[in-house]
Every structure is written in structure tokens, then in C-alpha cells.
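Structure record follows, encoded as C-alpha cells.
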Amino acid sequence: MAYWLVKSEPDSWSWTMQVKKGATGEAWTGVRNHTARKNLKDMKKGDRAFFYHSNEGKEIVGIVEVIRESYPDPTDPTGVFLAVVVKAIEPMPKPVTLVQIKADPHLKDMALVKYSRLSVQPVTAQEWKAVCRMGGLKSG
DNA sequence: GCCAACGTTGGC
DNA sequence: GCCAACGTTGGC
């Protein structure tokens, strides 16, 4: 199983909205970047991803699971880009902020820090564990 | 095919 | 609100 991080501005799509969707999940659409597209393509059913609030909050607020692998993004008229479907698994008991991540020597190589504009990014198993611990979760 | 101009993202 | 990073566009 692989780990990822997906970003959303809470003004357009927030963790609360994701939770309301429950087990049905929600299509993750609107990604228009080729690096991000590749990451969406690599996502497998059962993979987990951190749900990150950009701009407002700047923190990891929860964990989602991929329940449908990549397919053509219905919001993309060119048919080039991809979407996946994710469902909320659990919230972070204590959201992990960008400030905390930057301050941790083990985490400052995270894509979140290095490629701040990338909206879908891979997370290593070590990073996953470390962030979960900081967020008050025992495992991933 | 190069590169300047421009638009967007997202942290500060 | 500003600006750095970076992707895209379009003239040549």
C-alpha cells in the first residue's frame, strides 16, 4: 500500500464536506498538473492519503482512502487529466500544521515542503508514521 | 525549439 | 496583499 497527500482549499472542498460524503466518497477532480496526474494514476484502491487544507489552516486534518482508481476527470473537457474517488477514514485528533512539519528534521524533505505547489504528492512510509504520531494517531 | 510574458498556486 | 516558484502560452 502506498501513501499520498492531497491538497484542497477548505473554501472549495473541506474535510468536513468530505466526511459528510461518508462511505460513498467524493471524486477528486480538477487536478490540471502533469506531475499530480502521474500521482493520481499511480494510486491504487486501498491506498491512503493525508487530507491537507491549503491557504486556510495549512494543516493535515484527516486521512482518506482511495476507493476508485484513476479514470478520466469528468470536469476535464480535453480528457487528458484524471480523477480518483476517496472516502474519509478518520480525522487527525490533533491536526498537523505545516509549521510543525517544517520544524521536524525528519519531515523537512516532504514534498509538501519541497514542492509546495504540487497538489497530489507521494508520502513515504516513514513520513506517514511520523505525521500520524504527531497528529495523535497510533498507526496509519 | 527558445524564451519572455503571463497566470496560478500557496506560503507568508 | 505581496511575491516566489513554476507551469503554460505564444511570438519569433
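Note that these values count all heavy atoms, side chains included, but never hydrogens, waters or copies made by symmetry. Every chain is numbered from 1 and lettered A, B, ... according to where its sequence line falls, protein lines coming before strand lines.
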> In whole Å, what is the span from the CG atom of A:L118 to the P atom of B:dT9?
Replying inline: 13 Å
>> Please confirm whether the shortest side-chain N or O distance from A:Y52 to OP1 or OP2 of B:dG11 is below 4.0 Å.
In response: yes
>> Can you measure A:H34 atom NE2 to B:dT8 atom P for me and round it to whole angstrom units?
In response: 16 Å
> Between residues 96-107 of chain A and DNA chain B, which residues have a heavy-atom gap below 4.0 Å?
Replying inline: A:L98, A:K102
> Between A:F81 (CZ) and C:dG7 (C1'), how many Å, whole number?
Replying inline: 10 Å
> Which is true for A:K7 with a 4.0 Å heavy-atom rule: it touches a base, it touches only sugar-phosphate, or it touches nothing?
Replying inline: sugar-phosphate
Side-chain donor-acceptor pairs under 3.5 Å in residues 102-116 of chain A, sequence neighbours left out?
{"unit_1": "A:D104", "atom_1": "OD1", "unit_2": "A:H106", "atom_2": "N", "d": "2.7"}
{"unit_1": "A:D104", "atom_1": "OD1", "unit_2": "A:H106", "atom_2": "ND1", "d": "3.3"}

>> The test is side-chain contact (heavy atoms from CB on, under 4.5 Å); show your working for A:E127 and A:T124 and say whether it passes.
In response: CA-CA 5 Å; A:E127 290 163 352; A:T124 68; 3.1 Å; yes
> Between A:I101 and A:V123, is there a shared hydrophobic cluster once you connect ILVMFWY residues whose side-chain heavy atoms come closer than 4.5 Å?
Replying inline: yes
>> Nearest whole Å is fine: how far is B:dT9 P from A:H53 NE2?
In response: 17 Å
>> Nearest whole Å is fine: how far is C:dA5 P from A:L112 CG?
In response: 17 Å
> How long is the line joining CZ of A:R32 and P of B:dT8, in whole Å?
Replying inline: 14 Å
> Could you give the CD-to-C1' distance, from A:Q121 to B:dT9, as a whole number of Å?
Replying inline: 13 Å
> With respect to the side chain of A:R117, which nucleotide from C:dT8, C:dA5, B:dG11 is positioned closest?
Replying inline: C:dA5
>> From OH of A:Y115 over to P of C:dA5, roughly how many Å is that when rounded to an integer?
In response: 14 Å
Acceptor/donor pairs from residues 60-70 of chain A side chains to any protein atom, 3.5 angstrom cut, sequence neighbours excluded:
{"unit_1": "A:E65", "atom_1": "OE1", "unit_2": "A:R48", "atom_2": "NE", "d": "3.4"}
{"unit_1": "A:E65", "atom_1": "OE1", "unit_2": "A:R48", "atom_2": "NH2", "d": "3.0"}
{"unit_1": "A:E69", "atom_1": "OE2", "unit_2": "A:K45", "atom_2": "N", "d": "2.9"}

> Are any of the side-chain heavy atoms of A:W4 and A:N39 separated by less than 4.5 Å?
Replying inline: yes
> For the rings on A:Y52 and A:W15, is their centre-to-centre separation under 6.0 Å?
Replying inline: no
>> Assess, by modelled atom type and distance only, whether the side chains of A:Q18 and A:W13 contain a donor and an acceptor separated by less than 3.5 Å.
In response: yes
